Amino acid sequence: MTQTTDNPIDRAADLISEDQAVLDETVQSLEEPVLSTIDWLGTYWEELLIGSAVALGLAGLLLILRSIGRRYRRSTKDRTSWKGIIAGVLAKTTLTFMLVTSFYIVVSHTEIPSNLERIFEIAFIVSATLQGAIWARELIIGVIKSKAATEEDDPDSTLGNALNIIRVLVNVAVFAIAVIVILDNLGVDVTTLVAGLGIGGIAIGLAAQGIFSDLFAALAIVFDRPFRRGDTINYGGAAGTFGTVEKIGLKTTRLRAPSGELVVIGNTQLLEQEVKNIALAERRRVEIPFGVIYQTPPELLARMKALVESTIADHEDIQPVRTICTGFGASSIDFLFIYDHYTDDYEEVVGTKSLVLIAITRLFAEQGIEFAYPTQTTFTSAPDGTMIMPYPEAGFRLIEEEAPQRGSTPLPPITSVKKAPGSGSSGEAPGASDTGGGGEEG
């Protein structure tokens, strides 16, 4: 019978030999990627150096530009000039975009495993597209602000009312395009998505046609600036409405009428009509028609231009345009006096016109010129065709009525009026007649 005994030393030696094999295998597995990396760096060190230099240069340039943009925006409130717009765009550059772009530039100059290269490529596409969307948003909003900028930052202006909605619309549009671009570069078929967005946009547009119509009309007012808040306008032609613009909203514009009431009109309806901006008038043309009687001497008629225009000689902001005879009216010789008043104050225009009318009236009174008014003269004739004076030849005179004296005999009443035969040749006035109660001659 043979007895086997385990020697502890032998067993320890066996365990150590097994552990040494595992250790060697582990060290080899760790050394392999390190050695391969060292070999890779030794092979592509020039490309890596060039790529790193380019990446560092680009990242440094972007950091400098972002710093300049932020410093400019902190030092000034300018947001509407091109310098302010570009500064705002540069200030929105993100660090994520800088880092991802730098790594992508470095790895693009070397050969790396395809799966790792694809990861860097996807990261660059996503970051670059989102960064481009941010830049585009800031640029679009900055341009809108510059087009609608006023001298003072008024929160009640059209831009102040519309800016929040404009920002939302721009964000939705820009980032929707960015998502579609990202998905398309990732190999996703976006045809169905684009078609669905198009159909949804058409449905929303048809459902909110009136709202969008007024919104775009408000944006047209922002960009085209036919009028601003505080301007006095007239819309609808000569029989339209006057009012001072108090507020230009996203859907309606509010006007304060001269009579005091508030007039609210839709932006689309307002722009579809003829709009006259009275506040932007460089001058106001005033026409004063008048007529003088036909008995006015021709010498005074010839001097009419100089006489009338002398009434505005003391007004430095008034320039005469013309004073002409326009025709022979039914009861007057008609004239038209036109002058230009260089002011934007409507109250001054109407006040000065009143002074000019009073001055013309005073001047005509001094010169003996009579204004004409509607009159009619009737001429009558006898049966034989001779003209009969419609009034006594000696004219009218006022006779005071006295009480009849006592004992006097009153005149008999008129009983008939007859034309005497041959009275036209008896030396009496034409149309004279015999009156009284004695009858005719025998």
Side-chain angles (χ1 to χ4, degrees), residues 150-151 221 224-246 255-260 263 270-271 273-377:
T150 55
E151 296 181 358
I221 295 175
D224 198 35
R225 299 184 189 177
F227 52 83
R228 297 181 180 179
R229 195 168 69 93
D231 290 351
T232 300
I233 65 172
N234 165 243
Y235 67 90
T241 301
F242 279 91
T244 301
V245 180
E246 287 195 349
L255 309 175
R256 182 67 62 180
S259 53
V263 180
L270 180 62
L271 292 184
Q273 304 182 52
E274 176 186 354
V275 178
K276 296 181 180 179
N277 193 335
I278 301 174
L280 296 182
E282 297 179 354
R283 56 181 171 81
R284 305 293 180 90
R285 176 154 294 187
V286 180
E287 298 183 358
I288 301 178
F290 63 92
V292 298
I293 61 175
Y294 275 97
Q295 289 78 9
T296 305
E299 295 78 11
L300 287 178
L301 297 178
R303 295 172 50 204
M304 193 65 67
K305 181 178 186 297
L307 290 173
V308 173
E309 292 183 358
S310 66
T311 60
I312 62 173
D314 296 335
H315 298 273
E316 297 181 354
D317 53 352
I318 294 180
Q319 294 294 330
V321 177
R322 68 179 66 90
T323 304
I324 57 173
C325 180
T326 58
F328 299 105
S331 57
S332 63
I333 300 177
D334 298 326
F335 285 84
L336 180 61
F337 174 40
I338 303 176
Y339 65 83
D340 286 337
H341 195 164
Y342 289 87
T343 181
D344 57 357
D345 188 352
Y346 182 73
E347 296 298 329
E348 182 180 354
V349 172
V350 295
T352 303
K353 181 179 179 180
S354 176
L355 296 178
V356 171
L357 291 173
I358 295 173
I360 292 175
T361 304
R362 183 181 297 111
L363 178 63
F364 279 18
E366 295 172 355
Q367 297 293 327
I369 302 174
E370 297 184 28
F371 286 104
Y373 52 87
T375 58
Q376 185 175 6
T377 302

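Keep in mind it's a predicted model, so treat the numbers as computed, not measured.
- With a 4.5 Å cut-off on side-chain heavy atoms, F227 and V275 count as touching.
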Can you give the donor-acceptor pairs under 3.5 Å from side chains of residues 317-324 to other protein atoms, not counting sequence neighbours?
from : atom 1 : to   : atom 2 : distance (Å)
D317 : OD2    : H341 : NE2    : 3.0
T323 : OG1    : E309 : OE2    : 3.3

Which donor-acceptor pairs under 3.5 Å do side chains of residues 363-370 form with protein atoms, sequence neighbours excluded?
none

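- For the atom pair CD (E246) and CG (L255), the distance works out to 8.5 Å, reported to the nearest 0.5 Å.
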Quiz prompt | side chain to side chain contact (heavy atoms under 4.5 Å, CB included) between D334 and F328, worked out | solution = CA-CA 6 Å; D334 298 326; F328 299 105; over 6 Å; no
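- Qualifying side chain to side chain contact (heavy atoms under 4.5 Å, CB included) partners for E347, counting only residues two or more places apart in sequence or in other chains: D345, V350.
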Solution key, residues 292-302 side-chain donor-acceptor pairs under 3.5 Å, sequence neighbours excluded:
from : atom 1 : to   : atom 2 : distance (Å)
Y294 : OH     : G329 : N      : 3.4
Y294 : OH     : G329 : O      : 2.7
Y294 : OH     : S332 : O      : 3.3
T296 : OG1    : I293 : O      : 2.8

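- We find the CG-CG distance between D231 and N277 to be 4.5 Å, quoted to the nearest 0.5 Å.
- Under the side chain to side chain contact (heavy atoms under 4.5 Å, CB included) criterion, S259 pairs with A257, E261, not counting sequence neighbours.
- Between the OG1 atom in T326 and the CZ atom in F290 there is a gap of 9.0 Å [rounded to 0.5 Å].
- A donor-acceptor pair under 3.5 Å links the side-chain atoms of N234 to the main chain of T241, judged by distance alone.
- A heavy-atom distance below 4.5 Å is found between the side chains of I338 and R285.
- Residues that satisfy the side chain to side chain contact (heavy atoms under 4.5 Å, CB included) test with I288, not counting sequence neighbours, are V286, F337, Y339, K353, V356, L357.
- Between I333 and C325 the shortest heavy-atom distance is CG2-SG, 3.8 Å.
- Few gaps surround CZ on F371; more than 12 heavy atoms of other groups in view lie less than 6.0 Å from it.
- Between A372 and S331 the shortest heavy-atom distance is CB-O, 3.4 Å.
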